[in-house]
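Quick notes on the structure that follows.
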Amino acid sequence: QVQLVESGGGLVQAGDSLRLSCVVSGPPSSTQVMAWFRQAPGKEREFVAAIRWIGGTTIYADSLKDRFTLSRDSAQNSVWLQMNTLESGDTAVYYCAGRVFPGFFREPGKYDYWGQGTQVIVSS
């Protein structure tokens with residue numbers, strides 16, 4: 001059974017930075033791709049970034065790529081989302097997601113495993 005556990009959310013001021021963590025537990029190599037999504041109140045879940053365990057290749061939402069950085073450590077089964085220069089529009093619940101098969105996708109339905117989410121609130 002694969003479990004994803006996020007942490008690192010909180011209340012910050014506009015312009016601050018925050019680092020979200022996602023720890024993956026379960027059988028080795030149970031996921032090929034990890035991603036972060038976010039969902040603001042009343043809005044659909046939105047793709048943030050994704051990374052491959054092997055090689056560390058990343059993709060980002062175009063609007064976020066200059067401020068957000070996704071990284072991983074296979075030995076720790078962890079991925080991190082570094083978020084800089086946060087804006088009020090970044091306020092959302094952030095979800096970690098895992099995909100069993102290779103391939104980068106921006107659609108939530110393409111991911112097989114989900115964490116419970118971590119709340120990020122950016123105060124202006």
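Just so it is clear, the model here is predicted, and its values are computed rather than measured. Note: hydrogens, waters and symmetry copies are ignored here, and every other heavy atom, side chains too, is used.
- A donor atom on one side chain and an acceptor atom on the other are found under 3.5 Å apart for S17 and N84.
- Going from atom CG of D16 over to atom CG of D90 covers 11.5 Å, rounded to the nearest 0.5 Å.
- Applying the under-4.5 Å side-chain rule to Ile, Leu, Val, Met, Phe, Trp and Tyr, the cluster around V5 consists of that residue alone.
- Side-chain heavy atoms closer than 4.5 Å link hydrophobic residues (I, L, V, M, F, W, Y) into clusters, and following such links, possibly through other members, connects L64 to V79.
- Of the inter-residue distances, the one linking Q39 atom CD with E46 atom CD reads 10.0 Å to the nearest 0.5 angstrom.
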Do T31 and R99 pass the side chain to side chain contact (heavy atoms under 4.5 Å, CB included) test, and can you show the C-alpha distance, the side-chain angles, and the key distance before you say yes or no? CA-CA 5 Å; T31 56; R99 176 174 162 79; over 6 Å; no

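- Considering only heavy atoms from C-beta on, L18 comes within 4.5 Å of V120 through its side chain.
- Taken together through direct or relayed side-chain contacts under 4.5 Å among Ile, Leu, Val, Met, Phe, Trp and Tyr, V12 and L81 form part of one hydrophobic cluster.
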Kindly indicate, with the supporting measurements, whether the criterion side chain to side chain contact (heavy atoms under 4.5 Å, CB included) is fulfilled by W53 and V24. CA-CA 12 Å; W53 283 114; V24 184; 4.0 Å; yes

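- Distance check, rounded to the nearest 0.5 Å: CD of Q3 to SG of C22 gives 11.5 Å.
- Contact annotation: the side chain of V122 never approaches that of Q13 to less than 4.5 Å [non-hydrogen atoms, C-beta and beyond].
- Within 6.0 Å of the CD1 atom in I54, the count of heavy atoms belonging to other residues, nucleotides or ligands does not exceed 12.
- A single hydrophobic cluster is seen to contain both I51 and F68, as judged by linkage of ILVMFWY side chains at heavy-atom distances under 4.5 Å, directly or through other members.
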Assess the residue pair Y95 and R38 against the criterion (side chain to side chain contact (heavy atoms under 4.5 Å, CB included)); give the C-alpha distance rounded to whole Å, side-chain angles, the decisive distance to 0.1 Å, and a yes or no. CA-CA 6 Å; Y95 295 92; R38 68 184 186 182; over 6 Å; no

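- Side-chain contact check for L4 versus M34: some heavy-atom pair is nearer than 4.5 Å.
- Distance check: R19 CZ to M83 CE gives 11.5 Å after rounding to the nearest 0.5 Å.
- The main-chain N or O of L70 is found under 3.5 Å from a side-chain atom of Y60 such that the two form a donor-acceptor pair.
- The distance between the ring centers of F37 and F47 falls below 6.0 angstrom.
- Using modelled atom types, one side-chain atom of S78 and one backbone atom of Q76 make a donor-acceptor pair closer than 3.5 Å.
- A cation-pi geometry, defined here as NZ or CZ lying under 6.0 Å from the six-membered ring centre and within 45° of its normal, holds between R52 and F104.
- Every pair passing side-chain hydrogen bond (donor to acceptor under 3.5 Å, both in side chains) that includes a residue from residues 105-124 is listed here, sequence neighbours excluded: E6-Q116.
- Taking 4.5 Å as the limit, some side-chain heavy atom of W36 sits within range of a side-chain heavy atom of L20.
- Counting only N and O atoms by type, the side chains of W80 and S21 include a donor and acceptor under 3.5 Å apart.
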